[in-house]
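Structure record follows, encoded as structure tokens.
Letters go in sequence order (proteins before strands), and every chain restarts at 1.
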Protein chains: 2
Amino acid sequence: MTAYEILDQLKNEEAGLAPPTVYRALTALMDEGRAHRLESLNAFVSCQCAHVDHAPVLAVCDDCGSVEEHADEIVMDRLTAITRATGFHARRHVVEVHGSCGACAA
Amino acid sequence: MTAYEILDQLKNEEAGLAPPTVYRALTALMDEGRAHRLESLNAFVSCQCAHVDHAPVLAVCDDCGSVEEHADEIVMDRLTAITRATGFHARRHVVEVHGSCGACAA
DNA sequence: GAAGTGTATGTTATAAGATAACAAATCGGC
DNA sequence: GCCGATTTGTTATCTTATAACATACACTTC
Ligand SMILES: [Zn+2]
Ligand SMILES: [Zn+2]
Ligand SMILES: [Zn+2]
Ligand SMILES: [Zn+2]
């Protein structure tokens, strides 16, 4: 969901709600690890796994919009290693995969 | 660089240039594989490697803004495999790493 | 308990990023 | 030269995000 879709939904319950309120709530949720930002869509999803500190692999279905979340240390560690080769110090990993989910690809 | 930074630069040379022109040019460059979109920054970088079809790993220095480009089939193949486990069919990989480059991390 | 001080929340306005829709020009084929 | 088709230009608008200011609240100090 985009921030403005969330805003529209919440406006039904509480009028006078403005963008900064939504963005502040989303920022707080993301800080807690309870939501993730989909960078490639400028959208947000609630975390589907244990809310521990983690960099997720987000698989986005371009057909139906569903998002699957995967945890994979191997990918993250390899990314850190690859970039480390040039002296880069990795702090945040953004990994998103676009395609079709099982239901849509069938 | 963002699309609007590009726009501002080009406006110096050619007045009356509008956003769609820049976006159309960027789309064409990306189709050719000569530029990449930095999804996590809503920005664009020219391709720094051979202009073959590839999904790059982009390492972004949050301190100086530099971007390093890496090709790594292992990461991409693993991403395809991980998501494949749920029947997902991967078509496009977005992999960006934020941190500090060698110069800035030192 | 009033006054001060700092944090959280609400509000307005605007900045930044991207595209839709239409207009004009260019280019072949005839 | 005329016609339809593609490309390029232009205007307007839409979407996404944040700056800046105002207000409310919580907690301390006197
Ligand atoms: Zn998660
Ligand atoms: Zn789907
Ligand atoms: Zn490249
Ligand atoms: Zn740097």
Side-chain angles (χ1 to χ4, degrees), chain A residues 1-47 51 55-56 58-67 69 91-99, chain B residues 1-47 51 55-56 58-67 69 91-99:
Chain A
M1 285 190 95
T2 70
Y4 279 75
E5 285 168 356
I6 294 168
L7 179 59
D8 285 344
Q9 292 238 336
L10 293 180
K11 265 186 184 164
N12 295 335
E13 296 163 28
E14 188 175 336
L17 203 60
T21 306
V22 173
Y23 279 98
R24 285 200 271 240
L26 284 169
T27 301
L29 286 171
M30 288 191 296
D31 287 349
E32 293 173 29
R34 309 218 292 127
H36 300 294
R37 182 181 161 83
L38 272 170
E39 299 288 353
S40 57
L41 293 178
N42 294 330
F44 303 84
V45 286
S46 63
C47 177
H51 304 145
L58 296 170
V60 182
C61 177
D62 292 325
D63 298 323
C64 71
S66 68
V67 179
E69 183 171 348
R91 262 192 297 266
R92 177 182 157 230
H93 294 157
V94 175
V95 183
E96 300 175 9
V97 181
H98 285 256
Chain B
M1 285 189 92
T2 70
Y4 278 73
E5 284 168 357
I6 294 168
L7 178 60
D8 284 343
Q9 291 238 338
L10 294 180
K11 265 185 185 165
N12 295 336
E13 296 164 25
E14 187 175 337
L17 204 58
T21 306
V22 172
Y23 280 99
R24 285 200 270 240
L26 284 170
T27 300
L29 285 170
M30 288 192 297
D31 287 349
E32 293 173 29
R34 308 218 294 126
H36 300 293
R37 182 181 162 83
L38 271 169
E39 299 287 355
S40 57
L41 292 178
N42 294 330
F44 303 84
V45 286
S46 63
C47 178
H51 304 145
L58 296 171
V60 182
C61 177
D62 293 323
D63 298 322
C64 71
S66 68
V67 178
E69 184 171 346
R91 262 191 296 266
R92 177 182 156 230
H93 294 156
V94 175
V95 183
E96 300 175 8
V97 181
H98 285 257

- Task: Tell me, please, which residues at least two apart from A/His93 pass side chain to side chain donor-acceptor pair (under 3.5 Å).
- Result: A/Thr80
- Taking OP1 and OP2 of C/dA18, is either one under 4.0 Å from a side-chain nitrogen or oxygen of B/Asn42? yes
- Test salt bridge (charged side-chain N to carboxylate O under 4.0 Å, His left out) applied to B/Arg24 - qualifying residues, sequence neighbours left out: none
- Sequence neighbours excluded, the answer for side chain to side chain contact (heavy atoms under 4.5 Å, CB included) partners of A/Thr2 is A/Tyr4, A/Glu5, A/Ala43
- Query: Closest to the B/Arg24 side chain: D/dT10, D/dA17, C/dT11?
  - Reply: D/dT10
- Message: Just the rounded figure in Å: distance from C1' of D/dT16 to CE of A/Met1.
- Response: 15 Å
- Message: Restricting to side chain to side chain contact (heavy atoms under 4.5 Å, CB included), what partner residues turn up for A/Ser46, sequence neighbours left out?
- Response: none
- Determine which pairs satisfy ring-ring contact (aromatic ring centres under 6.0 Å, His included) with at least one residue from residues 8-43 of chain A, sequence neighbours left out, and list them in order. A/His36-A/His54
- Item | Nucleic acid contacts - residues 3-23 of chain A versus DNA chain C, non-hydrogen atoms under 4.0 Å | A/Gly16, A/Ala18, A/Pro20, A/Thr21
- Message: Are the side chains of B/Val45 and B/Val60 in contact, using a 4.5 Å heavy-atom criterion?
- Response: no
- Using atom CG of A/Leu26 as one end and atom C1' of C/dT9 as the other, report the distance to the nearest whole Å. 16 Å
